[in-house]
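The structure presented is a predicted model; accordingly, all values stated were derived computationally and were not measured. Below, chains carry the letters A, B, ... as their sequence lines are ordered, and counting in each starts from 1.
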Number of protein chains: 2
Amino acid sequence: MLDRTSPVSIKIVAERAGVSTATVSNVLNGKTSVSPVFAERVRRAVDDLGYVTDSSASRLRSGRHSLAGVVVPNLTNPMFSAFVSTLECVARQDGFDLLVVSCDNEAEQEAERLRSIRSWRPAGLIVIPCDGALSARLPKGGHPRIVVADRIPDDAGFDLVAVENALAAGAMASHLAAQGYRTCLVAGSTLEISNVRERWDGVAAVAPESVHMVECGLDPAGIHRRLRDRLRQGPRPDALFTLDHVTTLIAYQLLAELEISIPDDMGFASFDDTEWMRLVTPPVTAVRQPVEDMAHAAWAQLMRRMAGGDGAPEHLRLSCAIEIRGSTLRPKREPKNAAA
Amino acid sequence: MLDRTSPVSIKIVAERAGVSTATVSNVLNGKTSVSPVFAERVRRAVDDLGYVTDSSASRLRSGRHSLAGVVVPNLTNPMFSAFVSTLECVARQDGFDLLVVSCDNEAEQEAERLRSIRSWRPAGLIVIPCDGALSARLPKGGHPRIVVADRIPDDAGFDLVAVENALAAGAMASHLAAQGYRTCLVAGSTLEISNVRERWDGVAAVAPESVHMVECGLDPAGIHRRLRDRLRQGPRPDALFTLDHVTTLIAYQLLAELEISIPDDMGFASFDDTEWMRLVTPPVTAVRQPVEDMAHAAWAQLMRRMAGGDGAPEHLRLSCAIEIRGSTLRPKREPKNAAA
DNA sequence: TTGAAAGCGCTAACAG
DNA sequence: CTGTTAGCGCTTTCAA
C-alpha cells in the first residue's frame with residue numbers, strides 16, 4: 001500500500017528547529033552532548049510535529065533492532081494467547097515491539113510465516129512450533145536467533161523452554177490410580193506433537209497396563225467423532241485423561257452428551273488448566289502449566305542471546321502443578337490422600 | 001540490540017547470481033520482465049542463501065507498506081484475543097504482518113504504545129481504545145490511518161466498527177422482564193467505557209424503574225468487593241446482568257460463593273459470550289457479540305482507506321445475538337416464549 | 001558543539 | 001532486457 005499522508009521525517013524536524021538532522025538525532029538519542037538551547041529547540045519541534053523516529057530507518061543505519069517476533073500455532077487457544085500476552089508485556093519493558101504471527105497449526109503456513117517474519121529482521125524470534133521439524137522450515141545457513149517454547153523440536157540445537165510433560169502426566173496418572181480408577185483412557189490430538197507424546201509416555205510409564213491412548217487429531221469435528229466412537233465401543237474406561245485444551249473441551253461436552261456423569265461414571269482430568277475448569281460442577285482436575293513463567297524464561301533466554309551469549313543451547317524444563325478438583329474424586333470410595 | 005549474524009542482503013544474492021541488484025529486485029517483484037536464464041539464476045541464489053527481502057528497506061524506498069498495527073486493552077480477555085486472532089488471519093491474507101500491542105487498559109500506556117507503534121510507519125492501525133479520549137493520544141496534525149473498533153471514541157472523526165450495544169442490552173432486559181424477573185441489578189466495569197455506558201442506557205430505556213447499576217471498576221479484587229457488598233446490602237435483586245467479561249466471571253463465582261442458586265434465587269445474564277458459559281450448569285444466557293465480524297469489518301474498512309478511500313468517517317454497528325440459556329429460565333414460572 | 005557527507009538495503013528511473 | 005545511479009530516513013563518522 002502506498003503511503004499518502006507521509007509522516008514527518010527528521011529533515012522536517014531539523015528545518016523547523018533550524019539545526020541539522022545530525023543534531024536532531026543526537027538530541028533524540030542522547031549520544032553526543034548538545035547545547036541546551038539547541039536541545040530545547042529540537043524538543044519543541046518534535047513535540048509540535050508529533051515526530052517519532054522511523055524505527056526501520058534507524059535500524060537500517062544503526063544495526064540496532066527493537067523488534068522481536070513470536071510465532072504460535074494459533075491465538076484462540078487460551079494457553080497460547082496467555083503466552084503471547086505475557087511476552088508482549090515483558091518485551092515492551094525491554095523496549096521491544098512484538099510481531100505476532102500464527103500458523104493455524106500447519107507446518108506449511110508456519111514456514112511461510114517464518115519467512116515473512118524474517119523479512120522484518122527481528123532481533124530474535126520466539127517460536128512454539130507446529131511440529132518437530134522446525135529446522136526444516138528455516139534457512140540452512142544461519143537463521144535468526146530463536147528460542148523455542150512449549151513444543152520440543154527434533155533438532156536439539158535450539159534454546160528451549162518447555163514444561164516437565166512426562167513428570168506431570170505421570171503424577172496425574174498416579175493420582176487417578178490412587179483414587180481407584182483402574183482403566184484410563186488417554187486422549188490427545190496426535191502423538192506427532194512432542195508434548196502430547198511426552199505426556200502419553202509419562203502416563204504409560206506409571207501405569208503400563210490399564211491405560212490406552214486415542215489420537216483424535218486437531219480438527220474439532222474429528223476429535224468429537226473419534227472420541228465418541230471410542231467411548232461407545234468396547235468396555236468403558238473408569239477415567240478419561242485429556243492431554244490438550246481442545247481435546248479437553250470437546251471431551252467434556254461429549255461426556256455430558258453421552259450422559260456420563262463425572263466423577264461417578266467416569267473420572268475426568270485434563271492437561272492444561274483453563275478458567276472454565278474451576279467454574280463447572282464438579283470442577284475439573286487439571287495439570288496447570290506455568291505459561292507466564294515459560295514466556296518470561298523464553299524472553300530472558302532470547303535477551304541473553306541478544307546480549308551476545310553464545311554458549312551451547314540451553315534446555316529448560318519448568319515443572320507443573322496438579323490441581324486436584326472434584327472431577328477425579330470418587331465420592332463412593334474413601335479417598336486415600338485427596339487434597340481440596 | 002546489535003545484529004551479529006547479519007543476514008544476506010540483495011547485494012550478496014546479486015553477486016552470487018552474477019547480476020545486478022536491480023535484476024534481483026526485478027525477479028523478486030516481477031515488475032520488469034527478466035530473461036528466463038537470469039531469472040533462474042537469481043532464484044537459485046535466493047534459495048541457496050535463504051534470502052528474504054528486507055521489508056523495512058523495501059518500504060523505505062518504495063513507500064509500499066506491508067505492516068499494520070493493532071492496539072487492544074489487553075490480550076487475556078478472550079474477546080480481544082479472538083479479535084486479534086481474526087485480524088491476524090485476514091491481514092495475512094492481504095499480505096500484511098501485524099504488530100500487536102496491548103496497553104493494560106491504561107490511557108497512558110496506550111499513548112506510549114501508540115507512539116511506539118507509529119515508529120514502524122504502519123500502513124494503518126486498528127485500535128480498541130481504553131477510553132473515549134483516543135484523539136488526545138495522537139499527534140494533532142495528521143495521524144496514521146486508524147479504524148476504531150468495539151469501544152466508541154468521543155471524537156466522531158474516526159472510522160468505527162462496533163456493535164449495537166443498547167439494542168442488545170435492551171433486548172436482554174426485555175427477556176429478563178418476560179421471564180418474570182422484576183428487579184435487576186446491572187453490573188459493569190465503569191460507565192466511562194462507552195460501550196458499558198451504551199449497554200446500561202439500553203437496559204434503562206427498556207426498564208426504567210426496576211433496575212440499578214453498580215460500577216465495579218476494572219481491577220478484579222475491587223470488582224469482587226463492590227459486587228459482594230452490593231449483593232449483601234439492601235434487598236436482593238431478582239436478576240443480575242453483567243456487562244463485560246471480567247465482571248461476569250467474577251460475578252458468577254461470587255454467586256456460588258454466596259450460595260445464591262441460578263436461576264431460582266437469581267437470574268443471571270451476561271453481555272459477551274464465552275466458551276465456559278455453555279459448559280456450566282445451568283448454562284449462562286448471554287449476548288453474543290460478533291467479534292470475528294467486527295475484526296473483518298474493521299480490516300475491510302482499513303483496506304478501503306489504504307486504497308485511497310477518503311470519504312467521511314464511516315460508523316458501522318453490527319447486531320448481536322441473544323443466546324438464551326438456562327440461567328435466565330425460571331423453572332417455577334411458565335416461560336412465555338423461551339427458546340431452548 | 002555542530003553540520004556535511006556517506007551509506008545501511010532496497011527499488012524507481014533511466015540509459016544503454 | 002540489464003545495469004548504473006540516486007535517494008527513501010536515519011545514524012555515524014569526521015572535519016570544522
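Between Asn26(A) and dT2(C) there is no side-chain polar atom (N or O) within less than 4.0 angstrom of OP1 or OP2. Between Arg121(A) and dC10(C) there is a side-chain N or O to OP1 or OP2 distance below 4.0 Å. Note on Thr21(A): every side-chain N or O is 4.0 Å or more away from OP1 and OP2 of dC10(D). At dT11(C), none of the side-chain N or O atoms of Arg59(B) fall inside 4.0 Å of OP1 or OP2 (strictly under the cut-off). Within the 4.0 Å cut-off from OP1 or OP2 of dT1(C), not a single side-chain nitrogen or oxygen of Ser35(A) is found. An OP1 or OP2 oxygen of dT11(C) is reached within less than 4.0 angstrom by a side-chain nitrogen or oxygen of Ser25(B).
Spacing between atom CG of Asn29(A) and atom C1' of dC10(D) amounts to 9 Å, rounded to whole angstrom units. To the nearest angstrom, C1' of dG3(C) lies 15 Å from NZ of Lys11(A). Rounded to an integer number of Å, the gap from CG of Asp54(B) to P of dG9(D) is 16 Å. What separates CZ of Phe38(B) from C1' of dG3(D) is a distance of 10 Å, to the nearest Å. Atom CD1 in Ile12(B) sits about 13 Å away from atom C1' in dC8(C), given to the nearest Å. Rounded to a whole Å, the CH2 atom of Trp120(A) is 16 Å from the C1' atom of dC8(C). One atom, NE2 of His65(A), and another, P of dG9(C), lie 10 Å apart when rounded to the nearest Å. For the pair Leu60(A) CG and dT11(D) P, the interatomic distance rounds to 11 Å; values are reported in whole Å.
In this structure, the nucleotide among dC10(C), dG9(D), dG3(D) sitting nearest to the side chain of Ile10(B) is dC10(C). Taking only side-chain atoms of Ser33(B), from C-beta outward, the nucleotide of dC1(D), dT11(C), dT2(C) with the closest atom is dC1(D). When distances are taken from the side chain of Thr53(B) to each of dC10(C), dG9(C), dT11(D), the shortest belongs to dC10(C). For Ser20(B), counting side-chain heavy atoms from C-beta on, the closest listed nucleotide (dC10(D), dC10(C), dT4(D)) is dT4(D). Considering only side-chain atoms of Ser58(B), the nucleotide from dG3(C), dT11(D), dT11(C) that sits closest is dT11(C). For Ala22(B), the listed nucleotide lying nearest its side chain is dG3(D); candidates were dC8(D), dT12(D), dG3(D). Comparing dT2(C), dG9(D), dT11(C) by their closest approach to the side chain of Thr32(A) singles out dT2(C). Of the candidates dC10(C), dT2(C), dT11(D), the closest approach to any side-chain atom of Thr23(A) belongs to dT2(C). Residue Arg64(A) has its side chain nearest to dT11(D) when only dG3(C), dG9(C), dT11(D) are considered.
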Task: Derivation and outcome, side chain to side chain contact (heavy atoms under 4.5 Å, CB included), residues Leu60(B) and Asp54(A) - done: CA-CA 10 Å; Leu60(B) 202 56; Asp54(A) 183 323; 4.2 Å; yes
Task: Full working for side chain to side chain contact (heavy atoms under 4.5 Å, CB included) between Asp150(B) and Phe80(B) - done: CA-CA 10 Å; Asp150(B) 188 41; Phe80(B) 299 139; 3.7 Å; yes
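No side-chain heavy atom of Leu99(A) sits under 4.5 Å from any side-chain heavy atom of Leu98(B). Arg64(B) places none of its side-chain heavy atoms less than 4.5 Å from the side chain of Arg59(B).
By the 4.0 Å N-to-carboxylate-O rule, Glu88(B) lies close enough to Arg92(B) to be salt-bridged with it. Salt-bridge formation is detected for the pair Asp48(A)/Arg16(A): a Lys NZ or Arg NE/NH1/NH2 atom is positioned less than 4.0 Å from an Asp or Glu carboxylate oxygen.
Mapping Ala39(B) and Arg61(B) onto DNA chain D via the closest heavy atom, the residue that lands nearer the 5' end is Ala39(B).
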